[in-house]
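Computed from a prediction, not measured in an experiment: that's the story for all the values here. Heads up: numbering here begins at 1 and tracks the sequence.
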Amino acid sequence: PDFLNSEFLIFFGANPYEANYGPTNLAERLTQGLVDGRLKWAVVDPRFTHTASRAWKWVPVKPGGDAALILGMIRWIIENKRHDERFLANANKAAAKADNEPGWCNATWLVKIDDEGPAAHLRAADIGLGDKSTFVAIKDGQPIPFKSYDTEHPAEGDLLFDGDIGGFRVKTGLQIIREEASSKTVEEWAEIAGVSADDIVELAQEFTSHGEKAAAESHRGLVSGTNNFHNTLAVITLNVLIVNYHWKCGSIKGGKWNEFGQEKGQP
């Protein structure tokens with residue numbers, strides 16, 4: 001997160017007053033944000049940490065229950081249309097550029113569904129519309145082949161789709177997320193997480209009240225647990241829904257992997 005400019009943060013297990021990128025470096029800047037009235041934060045952590053002692057809200061989640069809490073937030077966010085549909089519809093770089101967005105995501109990309117659930121992304125080669133490096137979205141019932149880093153041909157897709165294309169059962173990325181979040185009520189997610197439903201709703205309301213000037217952080221928090229790849233992926237999804245990636249006040253780009261699981265020089 002852009003700690004120096006954000007308005008609201010949620011620390012999922014992260015504890016910058018005791019760990020993270022160095023308390024002596026970060027805590028002073030966070031404290032100044034509180035003093036200036038620019039910043040407030042919530043802490044989701046089983047333990048009442050030093051960071052929690054300065055928080056607007058502390059949510060003592062059950063250990064390992066963070067993803068359940070976040071799925072409850074996601075359900076509320078989507079049901080109340082607090083996600084940024086304009087951004088999420090952009091399937092490639094050209095579409096993002098047309099909307100003056102610094103990034104884009106795979107919310108509209110079609111995913112093949114097999115007997116075990118979501119599998120690989122549908123490729124244009126699968127349905128005779130291009131090669132294996134070309135992905136597919138759907139718009140008004142028509143498949144749209146596109147390349148993610150294409151800067152000349154904008155591609156936008158429908159955010160929600162569940163159907164058959166070229167003999168493949170497919171869903172959009174956001175459809176899969178919405179279905180999972182909707183598989184339980186907010187109250188049921190809260191029970192799994194060991195928190196109250198009011199906690200989940202209050203966090204979701206505040207998190208979506210600052211545009212891209214909010215961020216969720218899990219560094220050195222969720223990353224160390226046995227189930228916390230999925231917990232951390234849920235945190236990342238929260239940031240995507242409010243479109244804070246690459247924006248000042250939001251989340252700063254840190255990764256270097258592309259959509260094929262490669263990095264430069266290391267296919």
For W58, all residues meeting ring-ring contact (aromatic ring centres under 6.0 Å, His included), sequence neighbours excluded: F48

Would you give the length of the straight line joining atom CG of L110 to atom CD1 of I127, rounded to the nearest 0.5 angstrom? 7.5 Å

Once you round to the nearest 0.5 Å, how far does CG of N90 lie from CZ of F146? 11.0 Å

So do D158 and T108 actually touch side chain to side chain, heavy atoms under 4.5 Å? no

For S209, give me all partners under side chain to side chain contact (heavy atoms under 4.5 Å, CB included), at least two apart in sequence or on another chain. R82

Quick one: pull up CD in E156 and CD1 in I144 and give me the separation to the nearest 0.5 Å. 10.5 Å

Evaluate side chain to side chain contact (heavy atoms under 4.5 Å, CB included) for L241 paired with T208, printing each intermediate quantity in order. CA-CA 9 Å; L241 289 176; T208 56; over 6 Å; no

Are W109 and I165 connected in the hydrophobic side-chain network, where two residues link if heavy atoms are under 4.5 Å apart? no

Would a 4.5 Å heavy-atom cut-off, applied to side chains only, mark L30 and Y17 as touching? yes

With a 4.5 Å limit on heavy-atom distance, are the side chains of K57 and D199 in contact? yes

Check: L203 and L69 side chains under 4.5 Å, non-hydrogen atoms: yes

Linked, directly or transitively: I113 and F161 (ILVMFWY side chains, under 4.5 Å): no

By ring-ring contact (aromatic ring centres under 6.0 Å, His included), which residues pair with F12, not counting sequence neighbours? none

By side chain to side chain donor-acceptor pair (under 3.5 Å), which residues pair with R38, not counting sequence neighbours? none

Can you give me the closest heavy-atom contact between A96 and G103, atom names plus distance? CB-O, 3.4 Å

Quick check against the 3.5 Å criterion: does N239 have a side-chain atom that pairs as donor or acceptor with the backbone of A216? yes

So how far is it from K93 NZ to H153 NE2, rounded to the nearest 0.5 Å? 15.0 Å

Decide yes or no for D66 and V235: does some side-chain heavy atom of the first lie under 4.5 Å from some side-chain heavy atom of the second? no

Please identify each residue that fulfils side chain to side chain donor-acceptor pair (under 3.5 Å) with T51, with sequence neighbours left out. N15

Applying salt bridge (Lys or Arg N to Asp or Glu O under 4.0 Å) as the test, list every pair that has at least one member in residues 175-188; sequence neighbours left out. K171-E179

Say you draw a straight line from CD1 of I177 to OG of S182; how long is it, rounded to the nearest 0.5 Å? 11.5 Å

Any side-chain heavy atom of P46 sitting closer than 4.5 Å to one from V61? yes

Enumerate the residue pairs fulfilling salt bridge (Lys or Arg N to Asp or Glu O under 4.0 Å) with a member in residues 231-240, sequence neighbours excluded, ordered by first and then second residue. none

Got a sec, which hydrophobics cluster with F229, joining ILVMFWY side chains under 4.5 Å apart, including via others? L233

Give me the atom names and distance for the closest heavy-atom approach of L159 to A89. CD2-N, 3.7 Å

Shortest non-hydrogen pair, I242 vs G211, comes out as CD1-O, 3.8 Å

CD1 of I176 to CG of L160, rounded to nearest 0.5 Å, is 11.0 Å

Is the shortest distance from a Lys or Arg side-chain nitrogen in D162 or R169 to a carboxylate oxygen in the other one below 4.0 Å? yes

Apply side chain to side chain donor-acceptor pair (under 3.5 Å) to K112 and list each qualifying residue two or more places apart in sequence or on a separate chain. D126

Applying the side chain to side chain donor-acceptor pair (under 3.5 Å) criterion to E79, which one of R75, K81, H83 satisfies it? R75

Are I78 and V111 joined in one hydrophobic group, where the rule is that I, L, V, M, F, W and Y side chains link up if heavy atoms are under 4.5 Å apart? no

Side chain to side chain, L88 and V240, heavy atoms closer than 4.5 Å: yes

Treating D114 as the side-chain partner and G117 as the backbone partner, does any N or O pair qualify as donor plus acceptor under 3.5 Å? yes

Show me the pairs that pass salt bridge (Lys or Arg N to Asp or Glu O under 4.0 Å) and involve residues 46-56, at least two apart or across chains. E18-R47

Of the non-hydrogen atoms in A107 and T172, which two are nearest, and what is the gap between them? O-CB, 3.5 Å

Applying side-chain hydrogen bond (donor to acceptor under 3.5 Å, both in side chains) to W104 and S148, what does each step give before you reach the verdict? CA-CA 9 Å; W104 65 102; S148 180; 3.0 Å; yes

Using atom types as modelled and distance alone, determine if a side-chain donor or acceptor of D84 lies under 3.5 Å from a backbone N or O of F87. yes

Group every Ile, Leu, Val, Met, Phe, Trp and Tyr by side-chain heavy-atom contacts under 4.5 Å, then state whether L238 and V201 land in the same group. yes

Nearest heavy-atom contact between A124 and V136 is N-CG2, 3.6 Å

Which residue pairs satisfy the ring pair (Phe, Tyr, Trp, His ring centres under 6.0 Å) criterion with at least one member in residues 165-213, sequence neighbours excluded? F8-H210

Geometric class of the W41/F11 ring pair [parallel <30°, tilted 30-60°, perpendicular >60°]: perpendicular

Given 3.5 Å as the limit, does a donor-acceptor pair link the side chain of D150 with the main chain of N92, or not? no

With clusters defined by side-chain heavy atoms of hydrophobic residues (ILVMFWY) lying less than 4.5 Å apart, directly or transitively, does I236 cluster with M73? yes

For the residue pair A14 and E217, what are the closest heavy atoms and their distance? CB-CG, 3.9 Å

Under the side chain to side chain donor-acceptor pair (under 3.5 Å) test, residues paired with D131 that sit two or more places apart: S133, T134, K147

Does some side-chain heavy atom of F3 sit less than 4.5 Å from a side-chain heavy atom of R29? no

